[in-house]
Structure formats: structure tokens, C-alpha cells
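All figures in this text were calculated on a predicted structure; none of them were measured in a lab.
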Amino acid sequence: MSVSQILNLSVIDFGEEECIPGHSYGPDVRSYYLIHYVHSGEGILDVDQRIWKVHEGQSFLIYPGETAVYQADTKHPWHYVWIGYMGNASTALTETTAFSRTQRVLSVSQPEEAYQTLSQMHNDIKRLQLGELASLGSLFRFLSLLSAMPGDNVVLNLTQYEKAVHFMQENFFRPISVQEIASSVNLS
């Protein structure tokens, strides 16, 4: 049994491109999740005629089944890296990020690490040195770098209740107090 069968998740698309000014892709509809990370430059994302401006250090998400077009800026075209993934677990995985259908663009907490993670995966796959477990590891690592930055106006995915439950599950083997649980979710 393969890793993708066990996890019900597969990396199915990847790449990197330094676009020429005004370069456009789409309209296209995909059957998988697709995330682009903009290493430099800027451009626009148009999903079902809703437009987002995207610049260096940000990522954008295209959901399966959506009509999307994206275009490099004519003066500062973008250089981006992308990763596509699918499987029954892909929706749940995507929901662990701050992406949503209204929040398509996120700033990356560690831009250089994000770029290195995706470009190293791309290079390793081109040289056939990376298996599916490692490609999923790169996907997980990249998604962990997506975070809410000041001004992004992103709602956290976990409620304080869910965080408290997680703390209790992680510490069930030892006696814990109500104060410790409250403190773990920044409550008194």
C-alpha cells in the first residue's frame, strides 16, 4: 500500500516559472487544490470574476472546480512556485490553513523558507530523488509556513475550546489543572 493510499492525499502538480510581463494562464478549471507562492514580482488572481492582487511573499489558492485566471504584472512580473494536491484528505488539510473562499491570498511567515521548500521539492522530483512521502512532507512544511500576518484580517481556524481539548489530549498521561488548560489557550 502506498503512502498516498494510506493518507488519501497526493501531490499531483508542481512547478516554477519566471513569467514574462503580462503573461496569463487560464481560464482553467482544475480537479485539485492548487497553491502558488510568489517569490518575486506581482500579479492578479481572478476566480469567477473576483480579483485579488498578489505580490512577493504571498500565496494564493485555487479550489477544485473553480474557473481561474492569473496574470503577471506588466511592469513587475511574478516569479512563482506552485504545488497541487488532491485526495479525500485534501479538503481537511486545506481547512487547517487560513485560506477560505473569501481569503484567497495569504502572506507567508518565512518567505525564503517557503520558496526553498517548494523549489527544492521541484528540483528533487525533476531528478527523481524524491518519493511521495517526501513530497507530502514538503506540502505539509509549506502549509505550516502560511500564517496570518498583521493586516491580513484572518480568523483563526481553531476555537479556544478546540485548543483546550487538544491540550488535554496531548497531556492526558499526567495530572493537569484547570489553570493549566486555561493558560494554554490564553485565558484566566
Under the criterion side chain to side chain contact (heavy atoms under 4.5 Å, CB included), I'd like the reasoning laid out for His36 against Leu34: C-alpha separation, chi angles, the key distance, then a yes or no.
CA-CA 7 Å; His36 284 70; Leu34 182 63; 3.4 Å; yes

Which residues pass the side chain to side chain contact (heavy atoms under 4.5 Å, CB included) test with Gln49, not counting sequence neighbours?
Asp46

Please enumerate all residues that pass side chain to side chain contact (heavy atoms under 4.5 Å, CB included) together with Pro27, with sequence neighbours excluded.
Thr67, Val69

At their closest point, which heavy atom of Ala72 faces which heavy atom of Cys19, and how far apart are they?
CB-CB, 3.8 Å

Not counting sequence neighbours, which residues clear side-chain hydrogen bond (donor to acceptor under 3.5 Å, both in side chains) with Thr102? List them please.
Ser100

Return the minimal non-hydrogen interatomic distance between Leu61 and Leu45, and the atom names on each side.
O-CD2, 4.2 Å

About how many Å separate OH of Tyr32 and CD1 of Ile83, when rounded to the nearest 0.5 Å?
11.5 Å

Does any non-hydrogen side-chain atom of Ile35 lie less than 4.5 Å from one of Phe99?
yes

Could you label the plane-to-plane angle of the Trp78 and Phe60 rings as parallel, tilted or perpendicular, counting under 30° as parallel and over 60° as perpendicular?
parallel

Are the side chains of Arg30 and Ile62 in touch, meaning some heavy atoms are under 4.5 Å apart?
yes

Counting distance only, does the side-chain N/O of Gln58 pair as donor-acceptor with the main-chain N or O of Val105 below 3.5 Å?
no

With Tyr33, which residues qualify under ring pair (Phe, Tyr, Trp, His ring centres under 6.0 Å), at least two apart?
Tyr63, Tyr85

Going by the rule side-chain hydrogen bond (donor to acceptor under 3.5 Å, both in side chains), which residues pair with Ser40 if we only count those two or more places apart in sequence or in a different chain?
none

Taking salt bridge (Lys or Arg N to Asp or Glu O under 4.0 Å) as the cut-off, I'd like each qualifying pair that reaches into residues 48-74, sequence neighbours left out, listed once.
Glu66-Arg101, Glu66-Arg104

Partners passing side-chain hydrogen bond (donor to acceptor under 3.5 Å, both in side chains) against His79 (at least two apart in sequence or in another chain):
Glu16

Assess, by modelled atom type and distance only, whether the side chains of His39 and Tyr80 contain a donor and an acceptor separated by less than 3.5 Å.
no

In the hydrophobic clustering (ILVMFWY, side-chain contacts below 4.5 Å, transitive), which residues join Ile44, or is it alone?
Ile51

Do Ser31 and Pro64 come close enough that some side-chain heavy atom pair is under 4.5 Å?
no

Run the side-chain hydrogen bond (donor to acceptor under 3.5 Å, both in side chains) test against Asp28 and tell me which residues pass, sequence neighbours left out.
Tyr25

Would you mind listing every salt bridge (Lys or Arg N to Asp or Glu O under 4.0 Å) that reaches into residues 176-187, with sequence neighbours excluded?
Arg174-Glu180

Rounded distance [0.5 Å steps], CD in Glu42 versus OG1 in Thr74:
9.0 Å

